[in-house]
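First the structure, in the form of structure tokens, and then the observations on it.
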Number of protein chains: 2
Amino acid sequence: MELRQLRSLVTLVDCGFSVSQTAERLHLVQPAVSQHLKQIEEELGVRLFQRHGKRLLGLNEAGERVLAFARDALGALGNISALGRDHSQDDSGVLRIGATHTQARYVLPPVIRQFAAEYPAVALELHQGTPAQLIDMVVRDAVDLAVCTEGLGEHLALTAVPCYRWNRCLIAPAGHPVLEQEPLTLGVLCGYPIITYVFGFTGRGNLSNAFAAQGLVPRVVLGAADTDVIKTYVREGLGIGIIAAMAYQPSADTDLVRLDLSDLFPWEVTKIAYRRDKYLRTFQRRFIAVFRAKTAGLAPRGQAVGSGLEGPAPGQAVPDSDR
Amino acid sequence: MELRQLRSLVTLVDCGFSVSQTAERLHLVQPAVSQHLKQIEEELGVRLFQRHGKRLLGLNEAGERVLAFARDALGALGNISALGRDHSQDDSGVLRIGATHTQARYVLPPVIRQFAAEYPAVALELHQGTPAQLIDMVVRDAVDLAVCTEGLGEHLALTAVPCYRWNRCLIAPAGHPVLEQEPLTLGVLCGYPIITYVFGFTGRGNLSNAFAAQGLVPRVVLGAADTDVIKTYVREGLGIGIIAAMAYQPSADTDLVRLDLSDLFPWEVTKIAYRRDKYLRTFQRRFIAVFRAKTAGLAPRGQAVGSGLEGPAPGQAVPDSDR
DNA sequence: AGAATTTACGCGGTCCGTAACCATG
DNA sequence: CATGGTTACGGACCGCGTAAATTCT
């Protein structure tokens, strides 16, 4: 059992079972990869693939298990070489970040600016996705870190570092009648058409729960996956927006009036997650530190989130949310 | 980074940093191993060893980390080949069991008899140790399974399968005055010199706790690591014995009278633990099943322990005990 | 001085690439 | 017949073993 054989197997799967494509990606020639796969099956004495003639279509059950172990082995090996590059004072490398739109658009820019200044030789990859996709990406090691708010707590394979807490604000065009309402309650909000995130994004779960807890049903006329879309339709006059507070930009959003809603909804905690068994290079850890430092001032009141695993944020329970 | 290099590294550590011994164990020649180690350090660009001249004395911090990852990688590889042998209908192999004295002497014999009959080609290794040692052994993969009662719950790297529950009994020479005491209480027991297990063995923790919970201090005149020693001194008349109920053998212990004490002490649950990330061969899983089946009748009343993770045994809480 | 490790060197195996062959849609 | 995979074979590389040199006990 040799490493190149396992590499061929893993890459084959990642290439959708195209042997030639696998060979290309590994800088090998097709027969070599064919031979690797054959050797694995021979040495183990087990068929690993679903075949149709000579074509490989997928893995059978044994194949899936072998694949998982092969990934483990290669992962451990990757950790070793990462550790090596790290100790060689080599400050170059790649940092693959997964983030939701809100994070990528409104939170990450200053973080990345500072990080890039500190590590000019580190290439950054910013991958975007839904929270569910992001979790899958870290677990598969398609990204090194995932920064998001939803559903990072449940995966046993991940370590989640709480970074900062945030809450929502209301946005409306200047002069909108909701801006005169005093006091602003969930009930009052229900009197207006609302534009906010779709389920699974940016705390929409807890938002809906807050209404439901009071037996209220908000009139959400539009659910969007990102804040820019919400702002656009608020400007169109379609309704009032409820967005993450950090997504309001005083400089750019001068035509929109902002009202803090942190008394009405539970606080959310944005975390950075990475695989438990992954060796994080120094600059990857440093990115987390920079992220936490740069976002420390975001929570408008109350102190920043602790560094460790001390329960949920103050003010209100922070369940691990509905994915 | 090649596998043989990692194998050399890991074996080197297991051989106490003797290169020649490592070479022998790997069926190689010394220069080959030397080269492997050198290659690892070169490829990683990091010194891994504490050296004194040419002698290797130990690992430095980087070395420790690399070693851990190397073990991960080789472990994953071992899983693959185990899986292979398994699917090839190969019913031969080795089953390395770790057990405490009580388990090995009084519980395992019928289990092993049946298992050996089912799998004549499987070589059995029975390793004995204290619960703490056993846990260390499974974690280090020095044994495949550990069967013991204490301290298996805490290790995140282990899966623990609850197998059967048991409690204590009192043993005393026929005619001993304690046998006339009615009802038998913890207080009454405190009136006699007691011989039982030392701390860390066979439920001694919970036993002491039970006394302490009533503000009682038992007069333990002798603490022993195994039941045979306890029986011996009970026969000598040194005191009354409190032992695990399954360690009383009606056929052999005719000179000792037995009184059930399960109303006085919490129930203990004996579990089998194995590394979470380890592929268990069919016969290894089968051993667990046989163990559970053969021990199902041990609990004198109440039903057997469930197979899964449903809380502690009934009757009394079963904390994970004091190691 | 002797044991243990490193350096030097050559042989043998094997791994990959080229080329020809085979199957499938 | 074109695309994708397997079989066949030769050359280059390199990993291991033998032997000599070196260093620490």
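What's counted below: heavy atoms across the whole structure, side chains too, no hydrogens, waters or symmetry copies. Convention: sequence-line order gives letters A, B, ...; per-chain numbering from 1.
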Could you list all the side-chain hydrogen bond (donor to acceptor under 3.5 Å, both in side chains) pairs where at least one residue sits in residues 13-33 of chain A, not counting sequence neighbours?
-> A/Asp14-A/Arg71
Taking only residues at least two apart or on different chains, which pairs with a member in residues 78-87 of chain A satisfy side-chain hydrogen bond (donor to acceptor under 3.5 Å, both in side chains)?
->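 Checked against side-chain hydrogen bond (donor to acceptor under 3.5 Å, both in side chains) - neighbours excluded - the pairs reaching residues 78-87 of chain A are A/Asp86-A/Tyr279, A/Asp86-A/Arg281, A/Asp86-A/Thr282.
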Is any NZ, NE, NH1 or NH2 atom of the basic residue among B/Arg105 and B/Asp228 found under 4.0 Å from an Asp or Glu carboxylate oxygen of the other?
-> yes
Residues B/Lys278 and B/Asp144 bridged, charged N to O under 4.0 Å | yes
Given atom [atom1] of [X] and atom [atom2] of [N], what is their separation to the nearest angstrom?
X: A/Leu12; N: D/dG5; atom1: CG; atom2: C1'; answer: 12 Å
X: A/Leu37; N: C/dC15; atom1: CG; atom2: P; answer: 14 Å
X: B/Phe17; N: C/dT5; atom1: CZ; atom2: C1'; answer: 16 Å
X: B/Lys38; N: D/dT22; atom1: NZ; atom2: P; answer: 15 Å
X: A/Glu43; N: C/dC15; atom1: CD; atom2: P; answer: 11 Å
X: B/Arg51; N: D/dT22; atom1: CZ; atom2: P; answer: 19 Å

May I ask you to check whether A/Asp90 and A/Ser88 show a side-chain donor-acceptor distance below 3.5 Å?
->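 No donor-acceptor contact under 3.5 Å links the two side chains.
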Looking just at side-chain N and O atoms, do A/His127 and A/Glu125 make a donor-acceptor pair shorter than 3.5 Å?
-> yes
Tabulate below the donor-acceptor pairs under 3.5 Å that side-chain atoms of residues 52-68 of chain A make, not counting sequence neighbours, or state none.
unit_1	atom_1	unit_2	atom_2	d
A/Asn60	OD1	A/Ala62	N	3.1
A/Asn60	OD1	A/Gly63	N	2.8
A/Asn60	ND2	A/Arg47	O	2.8

Would you say A/Thr102 and A/Tyr197 make side-chain contact, with heavy atoms under 4.5 Å?
->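 Yes, close enough: below the 4.5 Å cut-off.
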Tell me, please, which residues at least two apart from A/Asp136 pass salt bridge (charged side-chain N to carboxylate O under 4.0 Å, His left out).
->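 Residues passing salt bridge (charged side-chain N to carboxylate O under 4.0 Å, His left out) with A/Asp136: A/Arg140.
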Is the shortest side-chain N/O distance from B/Ser20 to OP1 or OP2 of C/dA3 below 4.0 Å?
->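 No, because none of the side-chain N or O atoms of B/Ser20 sits under 4.0 Å from OP1 or OP2 of C/dA3.
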For A/His52 and C/dG25, is the shortest distance between a side-chain N/O and OP1 or OP2 below 4.0 Å?
-> yes
Heavy-atom protein contacts under 4.0 Å, nucleotides 11-20 of chain D, coded B base, S sugar-phosphate only, - none | ----SBBBB-
Which ones in residues 53-62 of chain A lie close to DNA chain D, meaning a heavy atom under 4.0 Å from one of its atoms?
-> A/Lys54, A/Arg55
